[in-house]
Number of protein chains: 2
Amino acid sequence: MVKELETDLLAKGIRPTAMRLLVLDYLLKQSAAVSLNDLETYFLKADRITLYRTLKKFEDKGIVHKIEDGTSSVKYALCPESCYGMAYCDLHLHFYCTQCQNTFCLPKTRIPELQLPENYQPEEISLTVKGKCSNCS
Amino acid sequence: MVKELETDLLAKGIRPTAMRLLVLDYLLKQSAAVSLNDLETYFLKADRITLYRTLKKFEDKGIVHKIEDGTSSVKYALCPESCYGMAYCDLHLHFYCTQCQNTFCLPKTRIPELQLPENYQPEEISLTVKGKCSNCS
DNA sequence: GATAAAATGCAATGCAGTTGCACATGCTTA
DNA sequence: TAAGCATGTGCAACTGCATTGCATTTTATC
Ligand SMILES: [Mn+2]
Ligand SMILES: [Mn+2]
Ligand SMILES: [Zn+2]
Ligand SMILES: [Zn+2]
């Protein structure tokens, strides 16, 4: 329902333009994280920069989080519902499959407590595993 | 002692050219990981590409490991002695300090066992923490 | 509908990484 | 030692991805 997507965006302070609704709809349907290139490939008629800025806006407003999976391109995935303050949104593991080259959020695998050396003050944690995903193993 | 550095390189199957010895010496003196740009800045007269290929060769031969710390540029740091098979060389935490912008290997903080969902087969793990290092906190 | 704010499209730029190729240097071995 | 081959180096050019400027269009508000 487009109405729902509209209110989703409005609730986060994002003007629900046509392009943004399409991108949000697309994101909702993905099981893997999405790169700008993925969007370009899917929305052939759309302008690359608009897609870029759409992702950026979504990230700023906390509806997606950025994933650096060690490949050359940044990925994005929708934040889980629980992610309000958006400070610890991506405090979960990301898995990059070397076979199908998809990147997955694995929110069920929480990042364990870390014992840092004295005086190191953590602010952000990123845990990325490469390997074979459940489809490819 | 240059002789020592030479044998170090030879032992890993790397021809000890002048540039390589200088780079190795430089790496040995660093406490933080090093980017290509760092090398360029330090070795003003050296050719960028030669430095690039030096790092690449060092990585291939297992004397440095690559660190993707979430910044725009890849860093390199010497592998610990223990790193023979070089498969699990960088199985330790990397810390990027948002203040001094240095990246540190924290080999004492081992990466904990992870409970991945069924059928996910890990091959490589990268754990990066951003925050304030011991000098800056 | 007039107005201001925000989004879009196109072009251009920046930057890190990478490659090709000609030349230089070092190693091998006859 | 000299020739011949393998490897390293320097310069130029190119790639991919991210990012910005600016004129135009669309949207929200009055
Ligand atoms: Mn995620
Ligand atoms: Mn390290
Ligand atoms: Zn896969
Ligand atoms: Zn610091």
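Residue numbering restarts at 1 for every chain, and letters A, B, ... go by the order of the sequence lines. Note that these values count all heavy atoms, side chains included, but never hydrogens, waters or copies made by symmetry.
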Over 12 non-hydrogen atoms of neighbours within 6.0 angstrom of OH in Tyr26(A): yes

side-chain N/O Asn37(B) vs dA16(C) OP1/OP2, d < 4.0 Å: yes

Basic-acidic side-chain contact under 4.0 Å: Lys12(B), Asp8(B): no

Leu10(A) CG to dA28(D) C1', straight-line distance once rounded to whole Å: 11 Å

Nucleotide dC14(D), atom P - distance to OH of Tyr52(B) in whole Å: 18 Å

Phe95(A) vs Leu116(B) side-chain heavy atoms within contact, under 4.5 Å: yes

Side chain of Arg20(B) - closest among dG17(C), dA16(C), dT9(D): dT9(D)

d(CG, Leu51(A); C1', dA18(D)) in whole Å: 14 Å

For atom CZ of Phe58(A) and atom C1' of dA7(C), their distance in whole Å: 13 Å

Please tabulate, for the side chains in residues 128-137 of chain A, all donor-acceptor contacts under 3.5 angstrom to protein atoms that are two or more places apart in sequence or on a different chain.
from      : atom 1 : to        : atom 2 : distance (Å)
Lys132(A) : NZ     : Thr98(A)  : OG1    : 3.3
Lys132(A) : NZ     : Glu123(B) : OE2    : 3.0
Ser137(A) : OG     : Asn119(B) : O      : 2.8

Distance, rounded to the nearest Å, where Met19(A) contributes CE and dA6(C) contributes P: 21 Å

Spacing between Leu21(A) atom CG and dT26(D) atom C1', to the nearest angstrom: 14 Å

Ser35(A)-Asn37(A) side chain donor-acceptor pair, cut-off 3.5 Å: no

Sole candidate of Lys75(B), His94(B), Gln101(B) that passes side chain to side chain donor-acceptor pair (under 3.5 Å) when paired with Asp69(B): Lys75(B)

Value in whole Å for how far the P atom of dC17(D) lies from CD1 of Ile67(A): 17 Å

Residue met sooner reading DNA chain D from 5', once Ser73(A) and Lys45(B) are mapped to nucleotides: Lys45(B)

Whole-Å distance separating the CG atom of Leu39(B) from the P atom of dG17(C): 11 Å

Under 4.0 angstrom between Thr50(B) side-chain N/O and dG10(D) OP1 or OP2: yes

Could you go over nucleotides 20-29 of chain C and give all protein N or O partners under 3.5 Å, atom names and distances?
from    : atom 1 : to       : atom 2 : distance (Å)
dG20(C) : O6     : Arg53(B) : NH2    : 3.4

Side-chain donor/acceptor contact of Arg48(B) with base of dT18(C) under 3.5 Å: yes

Residues, nucleotides or ligands: over 12 heavy atoms within 6.0 Å of Gln30(A) CD: yes

